Amino acid sequence: MANAKITGVGRYIPEKVLDNAYFESIVDTNDEWITRRTGIKERHVSAPDEYTTDMATKAAERAIKDAGITAEDLDLIILGSVTPDYFTPAGACVVQANLGAVNAAAFDFNSACTGFITGLTIAKQFIENGTYKNILVICADVLSKATDYADRSTCILFGDAAGAAVVSASEETGIITTEIGADGTGALALTQLAYRDDEEELEKRVSKNKETIWMAGQAVMKFAVKAMADASQKVLDNAGLTYDDIALVIPHQANYRIVDAAIKRMGITQDKVFLNLEKFGNTSASCIPSSLSQAVEQGRVKNGDKIILVGFGGGLTWGAALLEW
Ligand code: ACO
């Protein structure tokens, strides 16, 4: 049986930056509150005519180059996003055409911010059962286009980004184990409506625009801390390892307080944790792959290192992956 291994990573971060001073000018907030409650100072946002598939394509091109393959070598492209260009076609099909990945099947999936872990889990199955050799997992979101900029409790959190990884069949150890889970009883803690007409949901939104994200912040925060710590422990237990074996943990970058509480629960120190939320905010499922790409570039992940990727998000969903680099 072949192992599934990440052989290339890439990210795309849009140019425009919104700092905390910008939010002081549009809602009743201030830099001190945002910094103390979230740790976020800046986020990057897409141009008005820049969409999920545009950013996904750029991140994908970089991951393919990093893996040393061509687009034609890809057997499958999967894209996780909560801000698709279209309901149909799937964004993965648009990216397939942009890349010229003529041999690749393509589909989208949605597990919100947990997307990259879900994507790795899907890729691992197809590689290990021998169906495919090279799979492109992309997560991309333009949360800025779904943000309620009249709601001070959410608008300060979100940014845009794309992150991608090539997962290939390998003789070397790669994705050792993954763990994903969901609790649909918490589904309405974080919503963004499509066709469903729902007066109650509309009323919750400051803008009264059902396409914007609404979130019960406190409830999501409480869920997130336990979900991340438990999922991490689960992948360690599956592999018979402890945090002493782990070189780096890359968590979903939603809020510094969530990450801090989760790592305390894990019993690890901050030097083992990759943090970049100060500069990018919460970029949904792209957080983890774009952070991974940065961590590799900065030399914080080296050959042979064991690392944990761990996230949570709308659904409510959670997941963790234990990798050997
Ligand atoms: N500036 C100033 N005051 C604010 C702001 C702001 N930007 N936002 C909220 N407040 C106020 C509230 O109105 C409230 O005031 P009140 O006490 O007078 O009612 C007070 O601050 C405290 O509000 P809380 O909601 O209790 O603040 P909390 O400490 O929970 O922080 C936050 C809010 C940052 C949203 C936090 O709950 C959080 O990060 N939650 C998790 C978000 C998350 O990670 N989501 C992930 C999934 S996203 C996805 O999947 C796309």
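Ligands are counted one by one from 1 in listed order, and the atoms in each one are counted from 1 as well. Just so we're clear, the structure is a prediction, and the values are computed from it rather than from any experiment.
Looking from atom 40 (N) of ligand 1 to the surrounding protein, the closest heavy atom is Gly217 O, 3.0 Å. Residue, atom and distance of the protein heavy atom nearest to atom 46 (C) of ligand 1 are Phe312 CE1, 3.5 Å. When hydrogens are left out, the protein atom nearest atom 8 (N) of ligand 1 is Trp33 CH2, 3.3 Å; that is the closest non-hydrogen contact. The protein heavy atom nearest to atom 30 (O) of ligand 1 is Gln218 NE2, 2.8 Å. Residue, atom and distance of the protein heavy atom nearest to atom 44 (O) of ligand 1 are Ala254 CB, 3.0 Å. Closest to atom 35 (C) of ligand 1 among all protein heavy atoms lies Ser153 O, 3.3 Å.
Within the 3.5 Å criterion, the main-chain N or O of Ala112 finds a donor-acceptor partner in the side chain of Asn110. Between the Asn129 side chain and the Gln125 main chain, a donor and an acceptor come within less than 3.5 Å of each other. Judged by distance alone, with hydrogens and angles left aside, the side-chain atoms of Arg43 form a donor-acceptor pair with the main-chain N or O of Ile156 at under 3.5 Å. Using a distance-only test at 3.5 Å, with no hydrogens or angles considered, no donor-acceptor pair links the side chain of Ser286 to the main chain of Ser290.
Between Arg62 and Asp66 no salt bridge is recorded (no basic side-chain N to carboxylate O distance below 4.0 Å). Under 4.0 Å is where a charged nitrogen must lie from a carboxylate oxygen, and between Lys41 and Asp31 at least one such pair does. For Glu324 and Lys306, the salt-bridge test passes: some basic side-chain N is under 4.0 Å from an acidic carboxylate O.
Polar contact with ligand 1: present for Thr29 (N/O pair, distance under 3.5 Å). Residue His252 has no N or O atom closer than 3.5 Å to an N or O atom of ligand 1.
Put simply, atom 48 (S) of ligand 1 has protein non-hydrogen atoms near it, under 4.0 Å away. For atom 17 (O) of ligand 1, no protein heavy-atom neighbour is found at a distance under 4.0 Å. Less than 4.0 angstrom separates atom 14 (C) of ligand 1 from none of the non-hydrogen atoms of the protein.
Heavy-atom minimum distance, Leu99 versus Glu61: CD2-CG, 3.6 Å. Contact record, Val45 with Ser144: CG1-CB, 3.7 Å, taken as the closest heavy-atom pair.
The local environment of NZ in Lys272 is crowded, with over 12 non-hydrogen atoms from other residues, nucleotides or ligands closer than 6.0 Å. Within 6.0 Å of CD on Glu128 lie more than 12 heavy atoms contributed by other residues, nucleotides or ligands.
Selection from Leu277, Asn282, Thr147, Asn255 by nearest heavy atom to atom 32 (C) of ligand 1 gives Asn255. The closest heavy-atom contact to atom 42 (C) of ligand 1, among the options Met215, Arg152, Met221, comes from Met215. Compare Arg37, Gln253, Arg257, Lys222 by their heavy atoms: the one nearest to atom 27 (O) of ligand 1 is in Arg37. Closest heavy-atom approach to atom 50 (O) of ligand 1 among the candidates Cys113, Ala219, Ala224, Gly313: Cys113.
Ligand-side atoms of ligand 1 in range of Thr38: 34 (C), range being under 4.0 angstrom from any heavy atom. For ligand 1, the atoms closer than 4.0 angstrom to any heavy atom of Gly314 are 50 (O).
Under the 6.0 Å cut-off for aromatic ring centres, Phe158 and Phe280 do not qualify, their centroids lying 6.0 Å or more apart.
For Phe23, the heavy-atom gap to ligand 1 stays at 4.0 angstrom or more.
At a heavy-atom distance under 4.0 Å, only side-chain atoms of Leu190, from C-beta outward, approach ligand 1. Contacts of Ile258 with ligand 1, taken as heavy-atom pairs under 4.0 Å, involve the side chain alone.
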